[in-house]
Amino acid sequence: MAFSINFNAVTETEMGYLIHENKHWPLALTIAQEKLTFEQHLASLEGWNTWFEKNEPFHVIRFYVDKASLEQASGVGKATLEWMSKGADTKFRTLVKSMMIVVPPDQYPRMKKMDVTAVFGIPGGIFPSIEDALDWLDCSLEIMDISDLKKDWKEAVKQTLEIS
């Protein structure tokens with residue numbers, strides 16, 4: 001799968017890459033491919049901090065391209081808990097209106113029982129395709145108002161991901 005190059009933050013190494021994209025704001029995207037390093041994870045947390053600094057509510061779609069992108073480097077959990085305890089947890093629950101996590105279809109059976117709302121305290125879910133995630137956001141009873149999204153947001157996201 002190919003990706004557009006209009007991203008505001010790209011972290012890339014031989015191991016994998018992670019993109020933070022906000023051109024569809026207030027809908028933000030993260031795209032991960034291959035296993036990320038600990039340093040890339042820290043860069044990801046800084047990407048979230050940048051979004052939080054806007055101090056505006058937003059939705060996020062986290063897109064994992066392959067099984068390896070779901071793997072975590074050593075120390076990631078501890079670093080994330082520390083980041084959350086320093087105020088990110090409050091910003092997360094205050095500013096993130098919803099979070100959709102898209103996983104590869106072959107990984108969905110093992111991931112589908114994860115509960116975004118229980119873990120993060122916000123509406124969301126785990127989805128086997130971008131289409132399922134976009135449809136959930138469009139139809140979710142948990143998200144009463146998505147009028148802040150641009151009129152063509154579904155197609156714009158698909159175009160960003162270059163999904164036909």
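Heavy-atom basis, side chains included; hydrogens, waters and symmetry copies ignored.
Summarising the geometry, atom CE belonging to M114 is positioned 7.0 Å from atom CZ belonging to F120; distances are rounded to the nearest 0.5 Å. A distance of 9.5 Å separates CG of L29 from CD1 of I19, quoted to the nearest 0.5 Å. Between S129 atom OG and D135 atom CG the span is 7.5 Å, to the nearest 0.5 Å. Note that NZ of K97 is 4.0 Å distant from NE2 of H59, once rounded to the nearest 0.5 Å. The line from CZ of F38 to NE2 of H41 is 7.0 Å long, rounded to the nearest 0.5 Å. Distance check, rounded to the nearest 0.5 Å: CD1 of I122 to OG of S98 gives 7.0 Å.
Minimum heavy-atom separation, M99 to V116: O-CG1, 3.8 Å. In terms of heavy-atom proximity, P128 sits nearest to P105 at O-CG, 3.5 Å. Heavy atoms only, all atoms of each residue included: D106 and P109 are closest at O-CD, 3.7 Å. L137 approaches M100 most closely through the heavy-atom pair CB-SD, 3.6 Å. Among all heavy-atom pairs drawn from P26 and P57, the shortest one is CB-O, 3.6 Å. The heavy-atom pair separating I130 from V102 by the smallest distance is N-CG1, 3.7 Å.
Looking at T50 and H20, their side chains never come closer than 4.5 Å, going by heavy atoms from C-beta outward. Side-chain contact check for Y17 versus E34: every heavy-atom pair is 4.5 Å or farther apart. The side-chain heavy atoms of L70 and V103, taken from C-beta on, include a pair separated by under 4.5 Å. When side chains are defined from C-beta on, W51 counts as touching T30, because their heavy atoms get closer than 4.5 Å. Put simply, the side chain of L134 does not reach to within 4.5 Å of the side chain of F127, judged on heavy atoms. Contact of the E21 side chain with the I31 side chain is not registered, since no non-hydrogen atoms from C-beta on lie closer than 4.5 Å.
E46 places no side-chain N or O within donor-acceptor distance of the main-chain N or O of W48, the cut-off being under 3.5 Å. A distance-only check finds no donor-acceptor pair linking the side chain of N22 to the backbone of W25 [under 3.5 Å]. Of the possible polar contacts, none joining the Q107 side chain to the P104 backbone as a donor-acceptor pair under 3.5 Å is found. S44 contributes no side-chain N or O that, together with a main-chain N or O of Q40, makes up a donor-acceptor pair within less than 3.5 Å.
Ring-plane geometry between F52 and F58 is classed as tilted, the angle between the planes lying from 30 to 60 degrees on a 0 to 90 degree scale.
For Y64, there are no ring pair (Phe, Tyr, Trp, His ring centres under 6.0 Å) partners at least two apart in sequence or on another chain.
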> Stepwise, does the side-chain hydrogen bond (donor to acceptor under 3.5 Å, both in side chains) test hold for W83 with D89?
Replying inline: CA-CA 8 Å; W83 172 73; D89 58 344; over 6 Å; no
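The number of heavy-atom neighbours closer than 6.0 Å to NZ of K54, taken from other residues, nucleotides and ligands shown, is above 12.
The residues E82 and K78 are annotated as not salt-bridged, no charged nitrogen and carboxylate oxygen being separated by less than 4.0 angstrom.
Taking hydrophobic clusters as Ile, Leu, Val, Met, Phe, Trp and Tyr residues chained together by side-chain heavy-atom distances below 4.5 Å, M111 shares a cluster with V119.
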